[in-house]
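All of these numbers come straight from a predicted model, not from anything done at the bench. Count residues from 1 along the sequence.
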Amino acid sequence: MPSFDAVCEPNLPEVKNAVDNTAKEIATRFDFKGTPAAIELKDKEITLIGNADFQLTQIEDILRNKLTKRNVDVRFLDMGDVQKIGGDKVKQVIKVKNGIASDDAKKITRLIQDSKMKVQASIQGESVRITGAKRDDLQAAMALLRKDMTDIPLSFDNFRD
């Protein structure tokens, strides 16, 4: 029976490269000289450090540009709150989304069921497996998910015929 998996997985090596390139640009830009401006990646969290909210916004903008150049969807970034740390420094933690949250997976399965297509969706951990009798039905399900689930950067893996 043909099937595929709908997943939400970023290209982590490209995210790391984008963070490294952002750090290099911060080190060489004139407006960041003499400031504590920095960016670092640990596990799946990107930490931005700067003097003020304005500086964090600039660093975030550089990061988004670098990610876009590397074909990484910026919808993978889950922006955290700006926090004050010692002195006049501020920091912001950005989480890199990985996997489909359970409520989003439920939305996907409900969307597939309500569409009246001849496919079935089942939640398998952090992905959703969609099976159907015909390949054309699966392709229609992919098109439906791309159109209606715009807040999640979905990709489709493990297509079996």
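When the side chains of ILVMFWY residues are joined at heavy-atom separations under 4.5 Å, either directly or via intervening members, I100 and F156 end up in a single hydrophobic cluster. Grouping the Ile, Leu, Val, Met, Phe, Trp and Tyr side chains by contacts below 4.5 angstrom, directly or via other members, places M79 with L41. A continuous path of Ile, Leu, Val, Met, Phe, Trp and Tyr side chains, each step under 4.5 Å between heavy atoms, connects I39 with I62, placing both in one hydrophobic cluster. In the hydrophobic cluster analysis, where Ile, Leu, Val, Met, Phe, Trp and Tyr join through side-chain heavy atoms closer than 4.5 angstrom, F32 is grouped together with I46.
Residue K97 qualifies as enclosed at atom NZ: its count of foreign heavy atoms under 6.0 Å is above 12.
Evaluated for a side chain to side chain contact (heavy atoms under 4.5 Å, CB included) with P10, the options L67, D73, L77, V96 yield exactly one hit, V96.
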Give the table of side-chain donor-acceptor pairs shorter than 3.5 Å for residues 122-142, with sequence neighbours excluded, one pair per line with atom names and distance.
from: S127; atom 1: OG; to: Q124; atom 2: O; distance (Å): 3.2
from: R129; atom 1: NE; to: D5; atom 2: OD1; distance (Å): 2.6
from: R129; atom 1: NH2; to: D5; atom 2: OD1; distance (Å): 3.3
from: R129; atom 1: NH2; to: D5; atom 2: OD2; distance (Å): 3.1
from: R135; atom 1: NH2; to: D161; atom 2: OD2; distance (Å): 3.1

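One finds no salt bridge joining K24 and D20 here, because no Lys/Arg side-chain nitrogen approaches an Asp/Glu carboxylate oxygen to under 4.0 Å.
Using modelled atom types, no side-chain atom of R70 and backbone atom of K16 make a donor-acceptor pair closer than 3.5 Å.
Side chains of I152 and K107 form no contact here, defined as non-hydrogen atoms less than 4.5 Å apart. Using a 4.5 Å heavy-atom threshold, the side chains of E60 and R64 count as touching. Taking the side chain as every heavy atom from C-beta outward, L12 and K44 approach each other to under 4.5 Å.
The CD atom of E45 sits 10.5 Å away from the CD1 atom of I94 when rounded to the nearest 0.5 Å.
Relative ring orientation between F4 and F159 is described as parallel, the plane-to-plane angle staying below 30° on a 0-90° scale split at 30° and 60°.
Heavy-atom minimum distance, L56 versus Q92: CD1-CB, 4.0 Å.
F76 is linked by a ring-ring contact (aromatic ring centres under 6.0 Å, His included) to nothing, counting only residues two or more places apart in sequence or in another chain.
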